Trainee: 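Structure in structure tokens, see below.
Everything numeric in this text was worked out from a predicted model, so none of it was measured. First the proteins, then the strands, lettered A, B, ... as listed; each starts at 1.
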There are 2 protein chains.
Amino acid sequence: MKLITRNTDYALQALCYLSKHREVVTVDELVKKLGVPRPFMRKILQRLNKERILGSYKGQGGGFKLAVPPAKIFIIKIMRIFQGKVGLNGCFLKKDICPNKGRCVLRKKIHAIENNVVKQLREINIAALI
Amino acid sequence: MKLITRNTDYALQALCYLSKHREVVTVDELVKKLGVPRPFMRKILQRLNKERILGSYKGQGGGFKLAVPPAKIFIIKIMRIFQGKVGLNGCFLKKDICPNKGRCVLRKKIHAIENNVVKQLREINIAALI
DNA sequence: GACAAATGATACTAACATGGTATCATATAA
DNA sequence: TTATATGATACCATGTTAGTATCATTTGTC
Ligand code: FES
Ligand code: FES
């Protein structure tokens, strides 16, 4: 059971770095500091740019820069970007076979845990990490 | 982010069924009732037998039976069997590059969430599901 | 304007985990 | 002895994650 995947993790590291150096930073610098494969890092940063979390600047002296203050970047958002919806499956049985659906205790309990996780994740922002 | 995989889910369904019918039940019956592919179900049950959660009986009239009272089967255990350790990765960076390790805030927060999840999962047993 | 230095976009490959099958061996009740 | 059940194991299919490769586009500098 893995809560955080690599791209989320790398993204968080990059965002932390960018929070400490609030000017434009090149991919090369990030790669050097964080030791992440360059093309992979690029892909991640481009995605964050698309999501308006980073701004990007082309040409010489270009690179990436935070587009949002660190306190407003919550890791639940980053996870959703790179890992899709944070939702835990409770039952895989075909709907018509599963006898309970609405009343299933397991489903309810799992949902409670899920909500709990999300709630906790929603409270962590980048500013809290640096 | 998936908390429960199929084999865990199927295992839980099977355990629930076996909790309601405390005698020996054949794979065929389980497959019929739960609508799970037979060979897959077999693999799961054999595993549960190896883990001493089920007992198995060969030959005519054979099948599987609970070896432990439902109240003593916790779903965290089933998850660990089929999904490995319930532990969330916090950092993939090579140890020597990662600057913090011990003090990393993210790591700590993720760990807290993780413990929370485990704590909640530890409280759910099969008896509570039926 | 030419050129170098940066990102944008996209398609592809590799590795791994999950979900599922197939087959043969072994035990046992009748 | 035979039919009926599980035990063990190897295999295949699919999907997700991780990572690469390539070319197009923008932009600062000379
Ligand atoms: S068993 Fe199907 S929803 Fe719980
Ligand atoms: S950044 Fe490496 S442990 Fe947190």
Side-chain angles (χ1 to χ4, degrees), chain A residues 1-11 13-14 18 23-32 34-65 67 78-79 81-86 88-89 92-94, chain B residues 1-11 13-14 18 23-32 34-65 67 79 81-89 92-94:
Chain A
M1 189 180 101
K2 201 164 46 181
L3 189 57
I4 290 185
T5 61
R6 260 171 215 242
N7 30 24
T8 301
D9 188 77
Y10 290 165
Q13 312 279 349
L18 289 168
E23 347 76 49
V24 173
V25 170
T26 176
V27 171
D28 274 320
E29 182 174 341
L30 278 164
V31 160
K32 224 175 169 183
L34 302 180
V36 172
R38 207 187 113 97
F40 198 24
M41 184 89 262
R42 256 165 60 77
K43 195 155 82 167
I44 290 165
L45 295 170
Q46 287 181 10
R47 185 70 197 276
L48 289 173
N49 172 53
K50 257 192 187 165
E51 302 283 345
R52 310 279 179 185
I53 293 168
L54 296 182
S56 78
Y57 307 87
K58 293 181 175 181
Q60 192 159 9
F64 294 88
K65 201 182 81 171
I78 310 302
M79 287 178 68
I81 290 171
F82 292 104
Q83 304 176 212
K85 191 162 143 303
V86 176
L88 329 171
N89 317 22
F92 294 101
L93 296 186
K94 293 132 197 148
Chain B
M1 189 178 99
K2 199 164 48 179
L3 188 59
I4 288 186
T5 60
R6 262 170 214 245
N7 31 25
T8 301
D9 189 77
Y10 291 165
Q13 312 278 351
L18 290 168
E23 349 73 50
V24 174
V25 169
T26 176
V27 171
D28 275 320
E29 181 175 342
L30 279 165
V31 160
K32 223 174 169 183
L34 302 180
V36 172
R38 207 186 114 95
F40 198 24
M41 185 87 263
R42 257 165 60 76
K43 194 155 83 165
I44 290 167
L45 294 170
Q46 286 179 11
R47 185 69 197 278
L48 289 172
N49 172 54
K50 255 191 188 166
E51 301 282 346
R52 309 281 178 183
I53 293 168
L54 295 182
S56 77
Y57 306 88
K58 293 182 175 179
Q60 192 158 10
F64 293 89
K65 201 182 83 173
M79 288 178 68
I81 290 170
F82 292 103
Q83 303 176 214
K85 191 163 141 303
V86 176
L88 331 172
N89 316 23
F92 295 100
L93 297 185
K94 292 132 198 146

Trainee: Please give, in whole Å, the distance from dT6(D) C1' to Arg47(B) CZ?
Mentor: 17 Å
Trainee: With respect to the phosphate group of dA5(D), does any side-chain polar atom (N or O) of Ser56(B) fall under 4.0 Å of OP1 or OP2?
Mentor: no
Trainee: Please set out all donor-acceptor pairs under 3.5 angstrom arising from side-chain atoms of residues 39-46 of chain A, sequence neighbours excluded.
Mentor:
none

Trainee: For the residue pair Val25(A) and Leu18(A), establish whether any side-chain heavy-atom pair is separated by less than 4.5 Å.
Mentor: yes
Trainee: Between dA24(D) atom P and Gln46(A) atom CD, what is the distance in whole Å?
Mentor: 16 Å
Trainee: For Arg52(B) and dG7(D), what is the distance between atoms CZ and C1' respectively, to the nearest whole Å?
Mentor: 13 Å
Trainee: Tell me: CG of Asp9(B) to P of dG19(C), nearest whole Å?
Mentor: 10 Å
Trainee: Can you check the Met41(B) CE to dT21(C) C1' distance for me, whole Å?
Mentor: 15 Å
Trainee: For Gly55(A) versus Ala67(A), what's the shortest heavy-atom pair and its separation?
Mentor: N-CB, 3.8 Å
Trainee: Check step by step if side-chain contact (heavy atoms from CB on, under 4.5 Å) holds for Arg38(B) and Leu30(B).
Mentor: CA-CA 9 Å; Arg38(B) 207 186 114 95; Leu30(B) 279 165; over 6 Å; no
Trainee: Strictly under 4.0 angstrom, non-hydrogen atoms only: write out the protein contact profile of nucleotides 23-30 of chain C, one letter per nucleotide from the 5' end, B, S or -.
Mentor: B--BSBS-
Trainee: For DNA chain C, what is the dot-bracket line, given that a base pair needs Watson-Crick (N1 to N3, plus N6-O4 or O6-N4) or G-U wobble (N1-O2 and O6-N3) geometry with both distances under 3.5 Å, and | means paired with another strand?
Mentor: ||||||||||||||||||||||||||||||
Trainee: Do you know which two heavy atoms are closest between Val36(A) and Val31(A), and how far apart they sit?
Mentor: O-CG1, 3.4 Å
Trainee: Given atom CG of Leu30(A) and atom P of dA6(C), what is their separation to the nearest angstrom?
Mentor: 13 Å
Trainee: As an exercise, state the distance from CE of Met79(A) to CG of Asp9(A), rounded to the nearest 0.5 Å.
Mentor: 11.0 Å
Trainee: For nucleotides 10-19 of chain D, give me one character per nucleotide, 5' to 3': B if any protein heavy atom sits under 4.0 Å from the base, S if the only such contacts are to the sugar-phosphate, - if neither.
Mentor: --------SB
Trainee: Closest heavy-atom contact between Gly61(A) and Val24(A)?
Mentor: O-CG1, 3.9 Å
Trainee: Strictly below 4.0 Å: does Asn49(A) bring a side-chain N or O up to OP1 or OP2 of dG8(C)?
Mentor: yes
Trainee: In whole angstrom, give the distance that lies between atom CZ of Phe64(A) and atom C1' of dT27(D).
Mentor: 14 Å
Trainee: Given side chains that start at C-beta, do those of Leu48(A) and Phe82(A) come closer than 4.5 Å, heavy atoms only?
Mentor: yes
Trainee: Does anything in residues 48-60 of chain A pair up under side-chain hydrogen bond (donor to acceptor under 3.5 Å, both in side chains), and if so which pairs, sequence neighbours excluded?
Mentor: Arg47(A)-Glu51(A)
Trainee: Locate the shortest heavy-atom distance separating Gln83(B) from Thr5(B); write the atom from each residue and the value.
Mentor: OE1-N, 3.1 Å
